[in-house]
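Presented below is the structure to which this report refers.
Position 1 is the first residue of the sequence, and the numbers go up from there.
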Amino acid sequence: MTTVSEVLTHLKEEGYTIDFNLRGDCLMGPGDALQLYPNEFLVDKHYRFEGMSDPGDEAVVYAISSPRHALKGTLVNGYGISSEALSAEMMKALQENPAFYPSPEETADSVGKANEATPQRPAGTRPLNAPLLVVDLLQAQAQIRQEPAWHRSDRNALTLLQADGMRLVLIALHQGAAMKTHTAPGIISVQVLEGHLGFEAEGQTTELKPGLLLTLQTGRPHRVVARQESVFLLTMANPAAEQ
C-alpha cells in the first residue's frame with residue numbers, strides 16, 4: 001500500500017466502513033447523526049504519509065473502533081491536527097493505544113511517541129519523541145536519498161521530532177525543486193545542511209547555504225527553491241500546544 005486510497009480500501013475490507021470527520025471535541029459520522037467522544041473510541045492503528053511538497057501536505061489515516069457502539073471506521077487528517085481547535089481530550093484520544101482507553105495521567109504528554117512502519121517506510125518503528133532523543137543527521141540524510149520517493153519525485157521528507165511544542169523535519173530537494181508559497185501556524189527556522197536554497201519571503205529572496213540559519217515569524221507567506229540539490233532542517237513551533 002503506497003497511497004491513502006489503497007490504505008482506506010484495505011481498512012474497509014477489514015471492517016472499518018464508517019467515514020469519520022473531526023470536530024473539536026468528537027468524531028462525527030455521516031450526516032452528523034453519529035458522534036463519538038474521546039472516551040468512546042480507540043485508535044487501533046494509523047498510517048503516516050509524509051508530504052512531498054511541504055509539511056502541510058502530510059496526512060495520517062486512523063483506524064478507529066468503538067467497542068461501546070460496536071462499530072469501526074476511518075479518519076483522514078493532516079499532521080497539522082495539533083493546530084486545529086481540538087480539546088485536550090481529543091488530542092490524547094487520537095494517540096495510538098490499542099490496548100486500553102488512556103487516562104489523563106497516562107497520556108499527560110507524548111514522551112515515548114514513535115512512528116510505526118508506514119507504506120513509505122516499512123522498515124519499522126523509529127522514535128519521534130522521548131525524554132532524551134539523539135538523531136543521527138548523517139544517517140537520516142542518507143536514508144531519504146535511498147528511498148523510492150527521492151528517486152520518483154523531486155523531493156523527500158523525514159520527520160525527526162514531533163513533540164507538543166515543536167516539530168523537526170529533514171527535507172531534501174533536487175535541483176530546481178520548489179516548495180509552493182505557503183504559511184506556517186508558528187515560528188519556523190530553516191538551516192541548510194547541504195546545497196543552496198533561495199528563500200522568498202517579506203518581499204525579498206535570501207540565499208541560504210550551509211552555516212546560515214533563517215527564522216520566520218508566524219503566518220508569513222514564503223516559498224523555497226533549490227538552487228542545487230539540497231538538504232535542510234526545518235523547525236516548526238506549535239503555538240496551539242503552548243497555550
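With sequence neighbours excluded, no residue forms a side-chain hydrogen bond (donor to acceptor under 3.5 Å, both in side chains) with Thr183. With sequence neighbours excluded, the residues forming a salt bridge (charged side-chain N to carboxylate O under 4.0 Å, His left out) with Lys12 are Asp19, listed by chain and number. The ring pair (Phe, Tyr, Trp, His ring centres under 6.0 Å) check on His174 picks up Trp150, with sequence neighbours excluded. Not a single side-chain contact (heavy atoms from CB on, under 4.5 Å) links Thr17 to another residue, sequence neighbours left out. When the side-chain hydrogen bond (donor to acceptor under 3.5 Å, both in side chains) test is applied to Glu207, the partners found at least two apart in sequence or on another chain are His196, Arg227. Remark: Thr74 engages no residue in a side-chain hydrogen bond (donor to acceptor under 3.5 Å, both in side chains) (not counting sequence neighbours). Residues passing the ring pair (Phe, Tyr, Trp, His ring centres under 6.0 Å) test with Phe199 are His222, sequence neighbours excluded. The side-chain hydrogen bond (donor to acceptor under 3.5 Å, both in side chains) check on Glu194 picks up Gln141, Arg145, with sequence neighbours excluded. The side-chain contact (heavy atoms from CB on, under 4.5 Å) search around Arg223 returns Ala178, Thr181, Glu200, Val225, not counting sequence neighbours. Applying the side-chain contact (heavy atoms from CB on, under 4.5 Å) test to Leu212 and every residue at least two apart in sequence or in another chain returns Leu208.
Pro221 and Ala201 make their closest contact through O-CB, 3.7 Å (heavy atoms, listed as atom of the first residue, atom of the second, distance). Residues Tyr16 and Asp44 come closest through the heavy atom pair OH-OD2, 2.7 Å. The shortest heavy-atom contact between Tyr37 and Asp25 is CD2-O, 3.3 Å. The two residues Ile18 and Pro30 come nearest to each other via the heavy atoms CG2-CD, 3.7 Å. Of all heavy-atom pairs between Pro210 and Gly195, the closest is CD-O, 3.1 Å.
The side-chain heavy atoms of Gln146 and Ile144, taken from C-beta on, include no pair separated by under 4.5 Å. Within the 4.5 Å cutoff, no side-chain heavy atoms of Val192 are placed close to those of Lys209. Within the 4.5 Å cutoff, no side-chain heavy atoms of Gln175 are placed close to those of Asp154. Here the side chains of Leu71 and Leu36 are in contact, with some heavy-atom distance below 4.5 Å. Using a 4.5 Å cut-off on side-chain heavy atoms (C-beta onward), Ile64 and Leu42 make no contact. Between Val61 and Leu8, the closest side-chain pair of non-hydrogen atoms falls below 4.5 Å.
In the hydrophobic clustering of this structure, Val231 does not group with Leu213; members are Ile, Leu, Val, Met, Phe, Trp, Tyr whose side-chain heavy atoms approach within less than 4.5 Å, directly or through other members. Note: the hydrophobic cluster containing Leu173 also contains Leu214 (ILVMFWY, side chain heavy atoms under 4.5 Å, direct or indirect links). No path of Ile, Leu, Val, Met, Phe, Trp and Tyr side chains, each step under 4.5 Å between heavy atoms, connects Leu34 with Met28, placing them in separate hydrophobic clusters.
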Task: Derivation of the side chain to side chain contact (heavy atoms under 4.5 Å, CB included) call for Leu233 and Val190 - done: CA-CA 6 Å; Leu233 186 63; Val190 175; over 6 Å; no
TODO: Apply side chain to side chain contact (heavy atoms under 4.5 Å, CB included) to Leu197 and Gln228, showing your working.
DONE: CA-CA 7 Å; Leu197 298 177; Gln228 61 189 64; over 6 Å; no
Task: Val76 vs Val60, side chain to side chain contact (heavy atoms under 4.5 Å, CB included): CA-CA, chis, key distance, verdict - done: CA-CA 6 Å; Val76 180; Val60 180; over 6 Å; no
TODO: Mind running side chain to side chain contact (heavy atoms under 4.5 Å, CB included) on Thr159 and Arg167 for me, showing each step along the way?
DONE: CA-CA 8 Å; Thr159 299; Arg167 258 185 85 204; 3.4 Å; yes
Open item on the list: For Gln143 and Gln139: C-alpha separation, side-chain torsions, deciding distance, then whether side chain to side chain donor-acceptor pair (under 3.5 Å) applies.
Closed with: CA-CA 6 Å; Gln143 177 182 339; Gln139 180 181 358; 5.6 Å; no
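Taking a cutoff of 4.0 Å between a charged side-chain nitrogen and a carboxylate oxygen, Glu14 and Lys45 qualify as a salt bridge.
Here the side chain of Ser230 pairs no donor or acceptor atom with the backbone of Ala226 at under 3.5 angstrom.
The distance from the CG atom of Leu193 to the CG atom of Leu170 is 6.0 Å, given to the nearest 0.5 Å. With values rounded to the nearest 0.5 angstrom, Ile171 atom CD1 is found 4.0 Å from Met179 atom CE. Atom SG of Cys26 sits about 4.5 Å away from atom CD of Gln35, to the nearest 0.5 Å. To the nearest 0.5 angstrom, Leu168 atom CG is 4.5 Å from Leu161 atom CG. The line from OG1 of Thr235 to CE of Met166 is 6.5 Å long, rounded to the nearest 0.5 Å. To the nearest 0.5 Å, atom CD1 of residue Ile187 and atom CG of residue Leu216 are 9.0 Å apart.
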